[in-house]
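Side chains are part of it too, since the values below use all heavy atoms of this structure and drop only hydrogens, waters and symmetry mates.
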Amino acid sequence: KIEFLRKIYSLFHGQNEESFLQVEKNDKGYALARVDWENTKTHDSLENFKEIFGLGNLEHFGIDEKDPSLTKNRLRHIFIHLAAFNRGNNQLFFSSLEEMKMIFFDSAPELEDFRIDKTKTSGKGCKGLAERVFLQWHHYFSILEEKDPIKQMLRDVEFLCSRMADREFQREDSVYLSDGIYDVDRLFIGGGAYVSLLRNRQSPLSVKIVCRGTAIRTSATGAFLSGINDFQIDVGNMGVKSIWPELSEYLKEEKIENIEILGKSLGGAHGQRLALLITSLHNCQLSSVTTLCSIGAGFMTNQLFLKVLKEKKQDNPITIRVIRNGGREGKEQPDYTHLFGGDHLGVSDEESSLKVEVYTIAQTDEMNEEDKVNGVISGENSLYKLFKVFQSFVDGHIRQITLTDFTYALTHDFHDIQIELKRGRELENYRRSAAWALAIATFGLIQGKPISDELKQ
């Protein structure tokens with residue numbers, strides 16, 4: 001199949017947008033195609049067209065018998081679909097990133113387009129689909145070349161929680177990660193939350209739950225409600241309460257055994273709240289909660305989580321993995337959004353059964369030993385810290401560090417880890433004041449009963 005596709009690449013590469021394939025049917029029901037360029041007709045019979053492309057219905061790609069021409073743009077769209085890691089035997093595989101780029105014929109996205117990732121498409125339309133394909137293949141080859149298992153993990157986390165979650169996973173998508181192939185089996189959308197459940201192809205009872213962050217973009221699903229989640233007294237409460245009944249039922253019906261939770265920014269808060277619900281109400285193993293550039297879920301969520309862990313005692317300790325974008329002032333700006341939200345999951349007065357890891361990642365030449373503990377703005381007042389947080393939203397918070405070579409620092413000391421997990425207390429009073437003002441202005445309609453109150457009952 002790949003040799004056939006290379007042939008198509010060569011036919012279209014460099015040709016103008018008027019070039020097309022003419023799709024016909026023979027008496028066996030297969031589709032044939034001949035290639036017509038602007039002034040030259042090259043007859044090249046391509047038997048079993050539908051079989052090769054895996055097209056059960058040509059109309060799916062805008063082709064009908066009245067207008068059977070397959071334009072360069074349409075064919076590009078088909079190729080992108082096939083390269084999007086869809087399930088089955090009809091997906092494309094490439095031996096290099098350069099070969100993948102041929103799918104875009106004359107042009108492809110550039111890596112630097114995603115360095116400060118504003119995600120304008122939210123993964124929608126042909127452009128959004130092209131972005132998803134490019135990023136997936138770039139990640140695939142990156143983890144093949146990466147030898148450090150910790151860096152592989154960090155690449156996976158940023159890829160899932162930031163670049164792909166912001167581009168809104170779709171059902172039937174598949175992704176290649178350092179620990180295996182995962183299929184997007186279900187989406188849980190509501191109240192501003194967009195949660196994707198990925199099942200391990202080799203171990204289908206093991207899943208990753210990926211929570212999208214704040215998405216105040218016109219192209220994003222539930223954009224307005226996503227923003228409202230940030231200004232709830234219990235941050236993220238609306239989104240989690242909206243999707244939890246369906247997600248809980250899924251976990252029971254599918255008899256899921258092992259769960260990893262991942263999320264960035266607001267998605268990290270959603271993930272922490274889901275961790276509390278899952279450990280409280282389900283018997284499956286929660287293996288890890290990984291957050292990237294995340295705000296905390298607050299004191300009460302953490303206390304209830306620790307209480308449940310003492311009562312239930314899992315077979316294996318849960319890993320709480322906190323990852324933050326580092327950098328150096330005046331160069332690549334660090335991210336400071338974790339100064340909101342209150343306590344992050346894992347705050348404890350004593351070493352518990354939790355395994356807590358705090359990572360700071362930065363571009364290779366942007367971090368030194370002094371940058372190990374990220375987010376400390378020494379000697380500055382709260383207003384200056386607020387300024388640095390809002391500055392993060394146009395740089396440090398959306399910078400994609402693992403796209404190229406990067407470095408990381410791991411905080412080891414228990415005391416230092418606890419300091420980092422409590423960073424969200426520094427500016428939480430400002431966020432909660434805004435949340436209370438909004439609650440009063442809307443007569444409490446957008447707040448709802450906190451999840452923690454329901455569990456305490």
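- Between Tyr140 and Val175 the shortest side-chain heavy-atom distance does not fall below 4.5 Å.
- Residues Lys388 and Asp335 are not paired through a salt bridge, judged by the lack of any N-O separation under 4.0 Å between the basic side chain and the carboxylate.
- Between Lys355 and Glu357 there is a salt bridge, since a side-chain N of the basic residue sits under 4.0 Å from a carboxylate O of the acidic one.
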Requested in this report: Give the C-alpha distance, both sets of side-chain angles, the deciding distance and a yes or no for salt bridge (charged side-chain N to carboxylate O under 4.0 Å, His left out) between Arg115 and Glu112.
Outcome: CA-CA 5 Å; Arg115 176 68 64 189; Glu112 285 305 309; 3.6 Å; yes
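- Within the 4.5 Å cutoff, the side chain of Asp166 has heavy atoms near those of the Arg212 side chain.
- With 3.5 Å as the limit, one finds a donor-acceptor pair spanning the side chains of Thr301 and Arg273.
- Within 6.0 Å of NZ on Lys124 lie more than 12 heavy atoms contributed by other residues, nucleotides or ligands.
- Rounded to the nearest 0.5 Å, atoms CD (Glu168) and OG (Ser196) are 8.5 Å apart.
- Heavy-atom contacts from other residues, nucleotides or ligands closer than 6.0 Å to NZ of Lys120 number 12 or fewer.
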Query - Thr319 vs Ser287, side chain to side chain contact (heavy atoms under 4.5 Å, CB included): CA-CA, chis, key distance, verdict - result: CA-CA 6 Å; Thr319 298; Ser287 60; over 6 Å; no
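- If you take CG on Asn229 and OG1 on Thr214, they are separated by 7.5 Å, rounding to the nearest 0.5 Å.
- Taking both residues in full, the closest heavy atoms of Ala269 and Ser294 are given as N-OG, 3.7 Å, listed atom of the first, atom of the second, then distance.
- Nearest heavy-atom pair, Leu177 versus Lys208, reported as atom, atom and distance to 0.1 Å: CD1-CE, 3.6 Å.
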Report task. List the steps and the verdict of side chain to side chain contact (heavy atoms under 4.5 Å, CB included) for Asn200 and Val207. Result -> CA-CA 6 Å; Asn200 189 307; Val207 302; over 6 Å; no
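- To the nearest 0.5 Å, atom CD of residue Gln152 and atom CG of residue Asp179 are 9.5 Å apart.
- Interatomic distance, Cys284 SG to Asn258 CG, rounded to the nearest 0.5 Å: 8.5 Å.
- Ion pairing between a basic and an acidic side chain is recognised when a charged N comes within 4.0 Å of a carboxylate O; Lys151 and Asp405 show such pairing.
- Counting heavy atoms of neighbouring residues, nucleotides and ligands inside a 6.0 Å radius, atom CZ of Phe141 exceeds 12 of them.
- Checked against the 6.0 Å centroid criterion, the rings of Tyr182 and Tyr176 do not qualify as a close aromatic pair.
- Salt bridge absent: Asp183 and Arg199 never bring a charged side-chain N and a carboxylate O closer than 4.0 Å.
- Atom CZ of Phe224 sits in a sparse spot, with 12 or fewer heavy atoms from other residues, nucleotides or ligands closer than 6.0 Å.
- Heavy atoms only, all atoms of each residue included: Cys161 and Val210 are closest at CA-CG1, 4.4 Å.
- Rounding to the nearest 0.5 Å gives a distance of 8.0 Å between NZ of Lys264 and OG1 of Thr337.
- A distance of 10.5 Å separates CD of Gln303 from CG of Leu345, quoted to the nearest 0.5 Å.
- A donor-acceptor pair shorter than 3.5 Å can be found between the side chains of Ser219 and Ser122.
- Proximity of a side-chain donor or acceptor of Asp113 to a complementary backbone N or O of Glu110 within less than 3.5 Å is detected.
- Judged by distance alone, the side chain of Gln232 and the main-chain N or O of Ile228 form no donor-acceptor pair under 3.5 Å.
- Residues Leu262 and Ile209 fail the side-chain proximity criterion, which asks for heavy atoms closer than 4.5 Å.
- Between Ile361 and Arg324 there is no side-chain heavy-atom pair separated by less than 4.5 Å.
- In plain terms, the two heavy atoms of Gly346 and Gln418 that are nearest each other are O-NE2, 3.5 Å.
- A donor-acceptor contact shorter than 3.5 Å links the side chain of His138 to the backbone of Leu403.
- For residues 187-206, the pairs satisfying ring pair (Phe, Tyr, Trp, His ring centres under 6.0 Å) are Phe188-Tyr250, with sequence neighbours left out.
- For the pair Arg163/Glu131, no side-chain contact is recorded, criterion being any heavy-atom separation below 4.5 Å from C-beta on.
- Taking each heavy atom of Ile233 and Gln447 in turn, the nearest pair found is N-OE1, 2.9 Å.
- Glu257 is not listed as a side-chain neighbour of Ser206, based on a closest heavy-atom distance of 4.5 Å or more.
- With respect to Glu428 and Arg431, a salt bridge is recorded, a charged nitrogen being found less than 4.0 Å from a carboxylate O.
- Residues Val358 and Asp416 have side chains not in contact (no heavy-atom distance under 4.5 Å, counting atoms from C-beta outward).
- Side-chain atoms of Thr121 never come within 3.5 Å of backbone atoms of Lys127 as a donor-acceptor pair (strictly under, hydrogens ignored).
- No more than 12 heavy-atom neighbours from other residues, nucleotides or ligands sit within 6.0 angstrom of CD on Gln202.
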Query - Derivation of the salt bridge (charged side-chain N to carboxylate O under 4.0 Å, His left out) call for Arg425 and Asp343 - result: CA-CA 6 Å; Arg425 297 179 182 181; Asp343 289 355; 2.5 Å; yes
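- In this structure, Thr291 contributes its side chain and Val322 its backbone to no donor-acceptor pair below 3.5 Å.
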Query raised in the report: Where do Gln170 and Val184 land on the side chain to side chain contact (heavy atoms under 4.5 Å, CB included) test, with the steps shown first?
Result: CA-CA 7 Å; Gln170 299 299 309; Val184 180; over 6 Å; no
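- In this structure, the side chain of Gln400 does not engage the main chain of Ile116 through any donor-acceptor pair within 3.5 Å.
- Judged by distance alone, the side chains of Glu158 and Thr402 do bring a donor and an acceptor atom under 3.5 Å apart.
- By the 4.5 Å heavy-atom criterion applied to side chains, Glu246 and Arg186 are counted as neighbours.
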Requested in this report: Test Val235 against Leu266 for side chain to side chain contact (heavy atoms under 4.5 Å, CB included), laying out the working first.
Outcome: CA-CA 8 Å; Val235 63; Leu266 171 65; 4.1 Å; yes
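- For the residue pair Leu274 and Leu247, the shortest heavy atom distance occurs at CD2-CD2, 3.9 Å.
- For the pair Ser280 (side chain) and Leu276 (backbone), a donor-acceptor distance under 3.5 Å is present.
- Between His282 and Trp244, the ring planes lie perpendicular to each other; the angle is over 60°, past the 30° to 60° tilted range.
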